[in-house]
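Contents: one structure, followed by commentary.
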Amino acid sequence: MDNPFVSTEWLADRLHAPAIVILDGSWYLPTANRKPLDEYLVGHLPGAVYFDMDEIADKSTGLPHMLPAPEVFAREVGRLGVGDGMTIVVYDESGLFSAPRVWWEFKAMGAPDVRILDGGGAKWRAEGRPIESGPVVRPAATFTARFHPELVRDFADVKSAIASAGQIADARPAGRFAGRDPEPRAGLKSGHMPGAVSLPAMNLVANGGLKPMNELKAMFEAAGIDYDKPIITSCGSGATAATLLLALSLAGAKDVALYDGSWAEWGARADAEVVADQ
């Protein structure tokens with residue numbers, strides 16, 4: 001897998017290049033009580049457009065930020081000014097939290113050149129680089145979606161993987177995986193899917209980027225991950241599962257897909273088996 005990251009220096013040198021579009025993909029857990037759009041309007045990277053993954057979503061399921069149909073995604077990102085032939089650079093204000101989800105959505109929709117800003121908005125600001133406020137409106141563009149279904153898994157796929165002893169990697173914090181800590185969304189069972197392994201996304205990240213590859217590989221090997229067999233990543237709502245997918249892919253995993261419904265779906269369904277550690 002090619003390096004999906006670009007540095008703040010790289011972006012600063014190309015800040016106003018017409019073929020580059022910058023997306024602020026900031027998003028937070030409901031318990032954070034933060035409003036990313038309001039924060040974006042107060043200050044963001046120059047020229048950045050806000051990508052609202054709760055709005056550019058399939059809202060028919062009742063689940064948070066589910067990947068929309070390709071034609072809907074294409075229409076909505078085109079309205080943001082994201083078009084064919086552009087290099088898409090995504091960042092978030094947490095460093096590396098929600099940007100990988102936006103990166104994964106564009107990869108699933110066939111964008112050929114989508115990158116993540118290493119260190120995110122925090123590193124950009126710490127370096128004293130320019131910030132602007134208010135909305136950014138770009139000219140509408142044409143984005144051609146070419147859906148990659150191999151990057152996405154649904155409830156039935158996960159049940160099938162469990163039945164065949166497939167690999168499921170859970171990016172939620174260890175306490176939620178074990179069932180000791182409550183879920184941030186009401187009404188969900190606590191625990192994890194049968195046979196899943198715990199690989200918290202927070203343990204993969206340091207200083208707004210992924211940890212060194214030798215450390216990531218050591219974690220994956222300790223969890224018993226086989227890079228040559230399919231892997232499904234999951235989390236609370238399909239956001240940090242993308243961080244885990246990204247790290248696994250960079251480590252050499254050949255077939256990694258994201259369970260879009262994640263625990264928001266699994267933990268709410270009566271027909272989903274849940275295991276809680278004793």
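For the pair R269 and F155, the cation-pi test (distance below 6.0 Å, angle within 45°) is passed. Cation-pi geometry between R176 and W263 is not met at under 6.0 angstrom from the ring centre and within 45 degrees of the axis.
For the pair K189 (side chain) and A272 (backbone), a donor-acceptor distance under 3.5 Å is present. Side-chain N or O atoms of T240 include none that pairs as donor or acceptor with a backbone N or O of T243 at under 3.5 Å. K159 places a side-chain N or O within 3.5 Å of a backbone atom of D271 that can act as its donor or acceptor partner. Side-chain atoms of Q167 come within 3.5 Å of backbone atoms of D226 as a donor-acceptor pair (strictly under, hydrogens ignored). Between the side chain of R101 and the backbone N or O of G238, at least one donor-acceptor pair lies under 3.5 Å. The main-chain N or O of W103 is never found under 3.5 Å from a side-chain atom of R115 such that the two would form a donor-acceptor pair. Side-chain atoms of K211 come within 3.5 Å of backbone N or O of N203 as a donor-acceptor pair. A donor-acceptor pair is defined here as one N or O able to donate and one able to accept, closer than 3.5 Å; no such pair exists between the side chain of S190 and the backbone of G179. Using modelled atom types, no side-chain atom of S160 and backbone atom of A156 make a donor-acceptor pair closer than 3.5 Å. In this structure, H44 contributes its side chain and G134 its backbone to a donor-acceptor pair below 3.5 Å.
Defined by atom type and a distance below 3.5 Å, a donor-acceptor pair is missing between the side-chain atoms of D92 and W27. For the residue pair R185 / S237, a side-chain donor-acceptor distance below 3.5 Å is found, with atom types taken as modelled. No hydrogens or angles considered: nothing links the side chains of D157 and Y259 as a donor-acceptor pair under 3.5 Å. With no hydrogens or angles considered, a side-chain donor-acceptor pair links T8 and E127 at under 3.5 Å. Side-chain N/O atoms of S198 and H192 include no donor and acceptor closer than 3.5 Å. Side-chain polar atoms of T144 and D84 form a donor-acceptor pair below 3.5 angstrom.
In this structure, Y28 and E93 have side chains that are in contact, with non-hydrogen atoms separated by less than 4.5 Å. Between P200 and L244 there is no side-chain heavy-atom pair separated by less than 4.5 Å. With contacts defined as side-chain heavy-atom distances shorter than 4.5 Å, the pair D255/K229 does not qualify. With contacts defined as side-chain heavy-atom distances shorter than 4.5 Å, the pair L151/K107 qualifies. For the pair P70 and M109, the minimum side-chain heavy-atom distance is below 4.5 Å.
The minimum heavy-atom distance linking G110 with H148 is given by the pair CA-CD2, 3.6 Å. Closest of all the heavy-atom pairs between F73 and I56 is CD1-CG2, 4.0 Å. Counting all heavy atoms, side chain and backbone alike, A242 lies closest to L258 at N-CD1, 3.4 Å. Across all their heavy atoms, A223 and L199 have their closest contact at CB-CD2, 4.0 Å. The shortest non-hydrogen separation linking S234 to A241 is C-CB, 3.6 Å. Across all non-hydrogen atoms, the minimal contact from A253 to I231 is CB-CD1, 3.8 Å.
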- Item | Verdict with supporting geometry, V89 and I20, side chain to side chain contact (heavy atoms under 4.5 Å, CB included) | CA-CA 7 Å; V89 179; I20 291 179; 4.1 Å; yes
- Could you walk me through whether Y91 and W124 pass side chain to side chain contact (heavy atoms under 4.5 Å, CB included), step by step? CA-CA 10 Å; Y91 76 94; W124 183 274; over 6 Å; no
- Message: Pair D113, T87 - check side-chain hydrogen bond (donor to acceptor under 3.5 Å, both in side chains), show working.
- Response: CA-CA 5 Å; D113 191 9; T87 295; 2.6 Å; yes
- Please report the C-alpha distance between L23 and V21 in whole Å, then the side-chain angles of each, then the deciding distance to 0.1 Å, and finally whether the side chain to side chain contact (heavy atoms under 4.5 Å, CB included) criterion is met. CA-CA 7 Å; L23 301 180; V21 56; 4.2 Å; yes
- Would L216 and L248 satisfy side chain to side chain contact (heavy atoms under 4.5 Å, CB included), going step by step from the backbone distance to the final call? CA-CA 8 Å; L216 295 177; L248 284 164; over 6 Å; no
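V197 is connected to Y227 through a chain of hydrophobic side-chain contacts under 4.5 Å among Ile, Leu, Val, Met, Phe, Trp and Tyr, so both are in one cluster. When hydrophobic clusters are built by joining Ile, Leu, Val, Met, Phe, Trp and Tyr residues whose side-chain heavy atoms come closer than 4.5 Å, directly or via intermediates, V136 is grouped together with M53. Follow the hydrophobic side-chain contacts under 4.5 Å out from V158 and you never reach L67; the two are in separate clusters. Tracing side-chain contacts under 4.5 Å through hydrophobic residues (I, L, V, M, F, W, Y), one reaches L80 starting from W104; they form part of the same cluster. Criterion: ILVMFWY side-chain heavy atoms under 4.5 Å apart, direct or through other members. Under it, I88 and I116 are part of a common hydrophobic cluster.
To the nearest 0.5 Å, atom CG of residue L37 and atom CG of residue D24 are 9.0 Å apart. Within the model, atoms CD1 of I232 and CE of M193 stand 8.5 Å from one another, a figure rounded to the nearest 0.5 Å. The structure places OG1 of T233 at 4.5 Å from CG of L245, a figure rounded to the nearest 0.5 Å. S249 OG to K254 NZ: the interatomic distance, rounded to the nearest 0.5 Å, is 11.5 Å. Atom CG of L29 sits about 5.0 Å away from atom OG1 of T31, to the nearest 0.5 Å. Note: F106 CZ to M86 CE = 10.5 Å, rounded to the nearest 0.5 Å.
The local environment of CG in D2 is sparse, with at most 12 non-hydrogen atoms from other residues, nucleotides or ligands closer than 6.0 Å.
Aromatic ring centres of Y40 and F51 lie farther apart than the 6.0 Å criterion allows.
Note on R129 versus E9: salt bridge recorded, some NZ/NE/NH1/NH2 to OD/OE distance being below 4.0 Å.
Put simply, the residue from V90, L45, L96, I22 that forms a side-chain contact (heavy atoms from CB on, under 4.5 Å) with L117 is L45.
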